[in-house]
Amino acid sequence: MLKATTVLAGALTAAIATCAAAEGELNIYSSRHYDTDEQLYSDFEAATGITINRIEGNADELIARMNAEGENSPADILITVDTSRLTRAKDAGVLQSIDSDVLESRVPAYLQDEDNQWFGFSQRSRIVFYDKDEVANPPLTYLDLADPAYKGLVCIRSSKNTYNQTLLASIVTHHGAEKAQKWAEGVVANMARAPQGGDTDQMRGIVSGECDIAVANTYYFARSIRKNVKGISDNRDQIGWLFPSQNTEGAHMNLSGGGVAVHAPNKENAIRFLEYLASDSAQAYFSAGNDEYPAVPGVGLAPSIAALGHFKPDDVSLSDVAKNLPEAQKIFNDVGWK
Ligand code: FE
């Protein structure tokens, strides 16, 4: 009896596999800019027989394109970085709510949209870097970055950068708009230079001597441990780092994630792909391939990112933080943060 059941189950699995190969396609619109994501796609194709077609571009352009394509859009999935962009996609109406027990149970609730329109798959922490030779007492919290003691020392990106937009929205969430505005004013007053460049450039500024304190996402620094990053790797010993706000809300987490397109022609494959991204193997790949923290608890870290040490992450709901993005934008404008 047991044997017969096993044979039958085997036949069924084969039938499903054949079916998937016959009709399996998945169209992904992605704004993740990492070559290493290739492995994620090819592993999924090998495991499922589903062919992935990919369109890459700037997140806002992809969202606009999905909107313009309307019901005829071939997009099944949108993958992007930062909560602010995931929220913009939701607000633009290009995503849909989905039901998935796998995603509900694997992805922590605070890394999901409250309507299940997007799910986070990897995280990075936005932390403080500093010149070990110049700064004896680095800022221990985000609020401390506005302390007049650091006047002229701080390098941080433009307010047009989504990572900063979400960071400020989280400060609004934790401390209120008034305190957040004072904070932004203080940071502008402490800037070593007008905002310029990407996260890596803020750390390069420490090496070049332009900046004593820099704000950047962890994966840019971890990358300089894993491989040679010009302007950082050779002088890494000079750069200290700390996870801010460890006695209060915890270190701010920046999210990368995705959701199913509102008119997805291959909705089942789309859900299957998102569930695959939450699997142990894909989660480990986010860490090994791009120095990110897996969203799913219990998945091991690559050595480059484990080297940064343990810390307390801010586990405020990013769906709630997203509600303060308009307030954050207003504050940036008001205080003249370029
Ligand atoms: Fe980035």
- Donor + acceptor pair across side chains of N217, R126 (<3.5 Å):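 Side-chain D/A pair, N217 to R126: present.
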- Report yes or no: do Q39 and D43 form a side-chain donor-acceptor pair below 3.5 Å?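 Indeed, the side chains of Q39 and D43 share at least one donor-acceptor pair under 3.5 Å.
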- Message: Does E268 have more than 12 heavy atoms from other residues, nucleotides or ligands lying within 6.0 Å of its CD?
- Response: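 No, the 6.0 Å shell around CD holds no more than 12 heavy atoms from other groups.
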- Message: Is it the case that atom NZ in K179 sees more than 12 heavy atoms from other parts of the structure closer than 6.0 Å?
- Response: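 It does not: K179 NZ has 12 such atoms or fewer within range.
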With no hydrogens and no angle check, is any side-chain donor or acceptor of [X] less than 3.5 Å from a backbone partner on [Y]?
X    : Y    : result
R85  : V81  : yes
Q246 : K312 : yes
S245 : Y142 : yes
N27  : D76  : no

- Under the ring pair (Phe, Tyr, Trp, His ring centres under 6.0 Å) criterion, do F221 and W241 qualify, and how do the steps go? CA-CA 9 Å; F221 185 71; W241 71 88; 5.3 Å; yes
- Where do N164 and F332 come nearest, in terms of heavy atoms and distance?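 Residues N164 and F332, closest heavy atoms: O-CZ, 3.6 Å.
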- Minimum heavy-atom distance between L301 and P294, given as atom pair plus value: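 Between these two residues, the closest heavy atoms are CD2-CD, 3.4 Å.
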- Near-ring test F121/Y276, centroid separation under 6.0 angstrom: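 Aromatic pair excluded; centres sit 6.0 Å or further apart.
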- Geometric cation-pi criterion R124 and Y219, 6.0 Å radius, 45° cone: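 R124 over Y219 ring: yes.
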- Message: Assess whether a salt bridge exists between K90 and D115, defined as any Lys/Arg side-chain N lying under 4.0 Å from an Asp/Glu carboxylate O.
- Response: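 Answer for the salt bridge query: yes.
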